[in-house]
Amino acid sequence: MTGTLRGRHVVVTGGGGGLGAAIAAAFAAEGAALTLMSRTPAALVAQTDVLRNAFGVDAGAETCDVADPDAVARSFAAAVRARGPVHVLVNNAGYAAAASFQETTLDQWRHVLDVNLTGTFLCTQRVLPAMLAAGEGCVINIASTAGLRGYTRVAAYCAAKHGVVGLTRALAAETKRTGVTVNAVCPGYIEDTPMLHAAIANVARATGTTEAAARARLAKASPGGAFVTMDDVAARVVWLCSTEASATTGQAVTVGDGEVL
């Protein structure tokens, strides 16, 4: 990296733990100022303390439900007051519900789309005008390989993540030649995340096997036979915000060990 992220204001939604925390740490290692957002205040405070102590960066927290327009407006306004205009937005907050298509309720469907797709829309709308006015900025949407192919028992999640990929491409088309880049990162199953643990438990229940057998079954579905790590994904996100990637926009970048070949 060339140091161009030092002091830049990066907002990471779903930043209190898991992949969001790993992404925030990767930006902090480059010297960026961070605002972390999620619905869990205690986790946010703990994570910002980690970033300040480990990297010596300016890091703050805003409690925010990304599916709530009023909460999004308040949280982003507070973030800008504290650290200035947002240079990088990472739409990482996500939610998945496992059920067959026939078992999926309308409430489940709406909640999955509200968090994953509408949340991405709402947060991006808060930062885009300032980015366009400045002639620079990066929006990174954390999608999934489920945004590029279908999986059983997660129809709502697949639909939402396909929507995130489509939104990414549409917005990139609207913002080309403005200095703003918009890209999606599409991980497969990620090691040591709540989503992987939930998937393992769901497969075990559906197939009547042990969780160890379910884990092996999920890993085998990847051509490489392994899960990607949070650090793998975080590194790709940070690179997309570097000067080396300044000509990259509208892309759905997979981090999935060949899962969508």
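Worth saying up front: this structure is predicted, and the values here are computed from it rather than measured.
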Self-check item: Verdict with supporting geometry, E62 and T35, side-chain contact (heavy atoms from CB on, under 4.5 Å)
Solution: CA-CA 7 Å; E62 295 293 335; T35 300; 3.9 Å; yes

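- A heavy-atom distance below 4.5 Å is not found between the side chains of V127 and V11.
- Sorted by first then second residue, the ring-ring contact (aromatic ring centres under 6.0 Å, His included) pairs that include residues 9-56, not counting sequence neighbours, number zero.
- A distance of 8.0 Å separates CD in E30 from OG1 in T4, rounded to the nearest 0.5 Å.
- Between C241 and I140, the shortest heavy-atom contact is SG-CG1, 3.8 Å.
- In plain terms, the two heavy atoms of A99 and Q108 that are nearest each other are CB-OE1, 4.4 Å.
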Table please: side-chain donor-acceptor pairs of residues 164-172 below 3.5 Å, with sequence neighbours left out.
unit_1 : atom_1 : unit_2 : atom_2 : d
T168   : OG1    : N141   : ND2    : 2.9
T168   : OG1    : V164   : O      : 2.8

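- In this structure, CZ in R74 is found 10.5 Å from OG1 in T63, a value given to the nearest 0.5 Å.
- Shortest non-hydrogen contact noted between M230 and D192 is CE-O, 3.8 Å.
- Looking at T248 and W239, their side chains come closer than 4.5 Å, going by heavy atoms from C-beta outward.
- Under the salt bridge (charged side-chain N to carboxylate O under 4.0 Å, His left out) criterion, the residue pairs touching residues 83-99 are D58-R83, with sequence neighbours excluded.
- Partners of A213 by side chain to side chain contact (heavy atoms under 4.5 Å, CB included), not counting sequence neighbours, listed by chain and number: T209, T210.
- Among residues two or more places apart in sequence or in another chain, the side chain to side chain contact (heavy atoms under 4.5 Å, CB included) test is passed with T48 by L36, R52, A59, A61.
- Counting only heavy atoms from C-beta outward, the side chains of L240 and T181 never approach each other to under 4.5 Å.
- Panel note: side chain Q251, backbone T249; a donor-acceptor pair is recorded below 3.5 Å.
- Looking at residues two or more places apart in sequence or on another chain, you find a side chain to side chain contact (heavy atoms under 4.5 Å, CB included) between C123 and T13, V66, V72, F76, L89, N91.
- Contacts of R215 classified as salt bridge (charged side-chain N to carboxylate O under 4.0 Å, His left out), with partners at least two apart in sequence or in another chain: E191.
- Residues passing the side chain to side chain contact (heavy atoms under 4.5 Å, CB included) test with A46, sequence neighbours excluded: none.
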Exercise. List the steps and the verdict of side-chain contact (heavy atoms from CB on, under 4.5 Å) for F227 and L218.
Key: CA-CA 9 Å; F227 303 119; L218 287 174; 4.0 Å; yes

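- N92 places a side-chain N or O within donor-acceptor distance of the main-chain N or O of G14, the cut-off being under 3.5 Å.
- Taking all atoms of both residues into account, the shortest heavy-atom contact from K176 to A173 is CG-O, 3.4 Å.
- In plain terms, the two heavy atoms of A21 and G16 that are nearest each other are CB-C, 4.5 Å.
- With rounding to the nearest 0.5 Å, the separation of OG1 in T120 from CG in L117 is 6.5 Å.
- Partners of D114 according to the salt bridge (charged side-chain N to carboxylate O under 4.0 Å, His left out) rule, which considers only residues two or more places apart in sequence or in another chain, do not exist here.
- For the side chain to side chain contact (heavy atoms under 4.5 Å, CB included) test with L128, the passing option among T175, V86, T178 is T175; the others fail.
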Practice problem: Go through the steps to decide whether V180 and L132 satisfy the test side-chain contact (heavy atoms from CB on, under 4.5 Å), and finish with yes or no. | Solution: CA-CA 7 Å; V180 176; L132 292 173; 3.9 Å; yes

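- Going from atom CE of M131 over to atom SG of C138 covers 7.0 Å, rounded to the nearest 0.5 Å.
- Considering only residues two or more places apart in sequence or on other chains, E103 meets the side chain to side chain donor-acceptor pair (under 3.5 Å) condition with S100.
- Both tests do not hold together for R153 against Y151: distance to the six-membered ring centre under 6.0 Å, angle to the ring axis within 45°.
- Checked by atom type and distance alone, the side chain of N116 never pairs as donor or acceptor with a backbone atom of Y157 at under 3.5 Å.
- Between W109 and the choices T105, V112, L113, D107, the side chain to side chain contact (heavy atoms under 4.5 Å, CB included) rule is met once, by L113.
- Residues passing the ring pair (Phe, Tyr, Trp, His ring centres under 6.0 Å) test with H111, sequence neighbours excluded: Y95.
- When the salt bridge (charged side-chain N to carboxylate O under 4.0 Å, His left out) test is applied to R236, no partner is found at least two apart in sequence or on another chain.
- Contact check for V237 versus I142: side-chain heavy atoms found under the 4.5 Å cut-off.
- Hydrophobic clustering of Ile, Leu, Val, Met, Phe, Trp and Tyr side chains at less than 4.5 Å, counting indirect connections, unites M37 with V80.
- Contact record, S144 with K161: CB-CG, 3.9 Å, taken as the closest heavy-atom pair.
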